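Contents: one structure, followed by commentary.
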Number of protein chains: 2
Amino acid sequence: MKTDASTPPPRACADCRLRQLPCFLPVTLDELGFIQSCRQTVQAVAAGRAIIAEHHVSPRLYTLYAGWAFRYKTLADGRRQILNFLLPGDFIGLQGEFTDDATHGVEALTDTQLCVFGHDRLWDIFSQQPRLGYNVTWLCAREEQLVDDNLVTVGRRAAAERIAMLLIHLWRRAERLGHVDAQGAVDFPLTQQHIADALGLSLVHTNKTLRKLERIGLHEIKAGRLRLLELKALERMADYHARPMRQVPLI
Amino acid sequence: MKTDASTPPPRACADCRLRQLPCFLPVTLDELGFIQSCRQTVQAVAAGRAIIAEHHVSPRLYTLYAGWAFRYKTLADGRRQILNFLLPGDFIGLQGEFTDDATHGVEALTDTQLCVFGHDRLWDIFSQQPRLGYNVTWLCAREEQLVDDNLVTVGRRAAAERIAMLLIHLWRRAERLGHVDAQGAVDFPLTQQHIADALGLSLVHTNKTLRKLERIGLHEIKAGRLRLLELKALERMADYHARPMRQVPLI
DNA sequence: CGACCCTTTGAGGGCCGTCAAAGGGGGTGG
DNA sequence: CCACCCCCTTTGACGGCCCTCAAAGGGTCG
């Protein structure tokens, strides 16, 4: 039902468990071989450790194979903003390709497994496999959408609306990946501090608002798993509009 | 000194006034010819009119040739969030390529001139001119950075810090394009409502904060032009860190 | 000259931030 | 196996930043 973050990606991309999920675009055998030739190595990063350190340029690109991570930025005095969460299949490190100073950090939220690509292969992707280049752009545009959405949430929604939004959003992303169990629950590894940092709220107010939503029976977070008990009510509260699910690329 | 929004782009891309600016990456003659062959037509959009209507999928891509615009999203009850501002050279419409529902609107802030590309040419760019495909990704990643920065601002900065951030940011972008006059002023076509919508503030509070910064002499907005009188103080207030200026692609 | 948009200022209140402290749960070491 | 510790969660108190409501002033265009 879920991808085990302790199992590294298989040696052959053809055996990749992610690729077997219906939410990812199929690739040709040729493209698959090319992707595998780009894959430098495999790497495990433990929960709480940096995948890309803030203010450091990473010479690598990654595909998140298993586990959750997040992109973030911090101000000089320590205030932190989480930009978006990364789930299996997400591509990491593209921003570093086009700027001299690394702009944000990436941290593992759970234990993670990563497929590692040398950044010098990025140009090879575009020049040798145009369709994969197109897909890289696709992934980039898709990540920008996530940030767009989060910006609207942080800029214009009240605390309860923000939390409703985040819960629905993450639940849906986990659902796509087949992580929903028979009880309608998904793994939910965020602490309330993560939620606060993603939503532009304080920890205390995040806790009070979460408890309020839970008390009126909209959702339940128990033992690191999230269930949405009143999806419609949450969607109404957040002004959430489901997007049609569409296959996305996987590099 | 500034690009006149009433002058349409020249017939030949080789005569493009934007391309003569040092902030844009040079292209080969071959690429230039290709870009011109992709350019369907030219379009003027008056201040306040939609370039891409919210909730409509645009079958077109644009390069903003002259004038300012902005991307935004609105909630059902009318609350609006501006995601980022668009200045000459920015590429518009990429998100629409990869999702079924259009996710955001684009509105002209001033009178604008646009170069129009059919969206069916996007694939041609990747397949026939890999380097231009790479550049499209570059532009996409760069726009995401803008949204990242704005998200940090809205999520974690206080009102005065947000405003300082926006003023510096927009001034710098205009400077890159050579829009600074001898008095250190740039065109600044935003209303306070735009500033409020970009920063997640109310109009009233935006006004009061702007006046406060102006009263202590940090900046001046007069006759639609902005001057930064105390750049260092503004940067300290905003925790702003200048990024090295680097040439960017122009499609 | 009136209409409309944008700016400006005041008053009052509520949402959310900070400070403070206790409770719970899992891991580690004695 | 128990004790301790650390991290995360939870709750209360209080204050301030920012929101809403309201209304007047200025500039431009028809």
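Treat the numbers as computed from the prediction; the structure is a model and nothing was measured. These numbers come from the heavy atoms of this one structure, side chains and all, not from hydrogens, waters or symmetry mates. Protein chains get the first letters and strands the later ones, always in sequence-line order, with residue 1 at the start of each.
Side chain of B:Ser202, nearest nucleotide from D:dT9, C:dG17, D:dC19: D:dC19. Side-chain proximity of A:Val204 to the nucleotides D:dG12, C:dG10, C:dT7 is greatest for D:dG12. Of the candidate nucleotides C:dC16, C:dA20, C:dT8, C:dT8 has the atom nearest to the side chain of B:Gln192. Of all nucleotides listed (C:dG17, C:dT18, D:dC18), D:dC18 comes nearest to the side chain of B:Ala159.
Residues A:Arg236 and A:Glu230 are not paired through a salt bridge, judged by the lack of any N-O separation under 4.0 Å between the basic side chain and the carboxylate. Salt bridge B:Asp149/A:Lys73: present, at least one basic N to carboxylate O contact under 4.0 Å. Ion pairing of B:Asp111 with B:Arg49 is absent here, as no side-chain N (NZ or NE/NH1/NH2) approaches a carboxylate O to less than 4.0 Å. Between A:Arg80 and A:Glu54 there is no salt bridge, since no side-chain N of the basic residue sits under 4.0 Å from a carboxylate O of the acidic one.
Among the protein residues, B:Gly200 comes within range of the sugar-phosphate backbone only, with heavy atoms under 4.0 Å from sugar or phosphate atoms but none that close to a base.
Of the residues in residues 208-219 of chain B, those placing a heavy atom less than 4.0 Å from an atom of DNA chain C are B:Lys208, B:Arg211, in numerical order.
One can place CG of A:Leu201 at 14 Å from P of D:dC18, the figure rounded to the nearest angstrom. In this structure, the CZ atom of B:Arg157 is 17 Å from the P atom of C:dG17, given to the nearest Å.
Two end axes, each from the C1' atoms of five base pairs, can be drawn for the helix from C:dC1-D:dG30 to C:dG30-D:dC1; they diverge by 40°, to 10 degrees.
Contact check, B:Asn207 against C:dT7: no side-chain N or O comes under 4.0 Å of OP1 or OP2.
The stretch residues 67-92 of chain B participates, sequence neighbours left out, in these ring-ring contact (aromatic ring centres under 6.0 Å, His included) pairs: B:Phe70-B:Tyr72, B:Phe70-B:His194.
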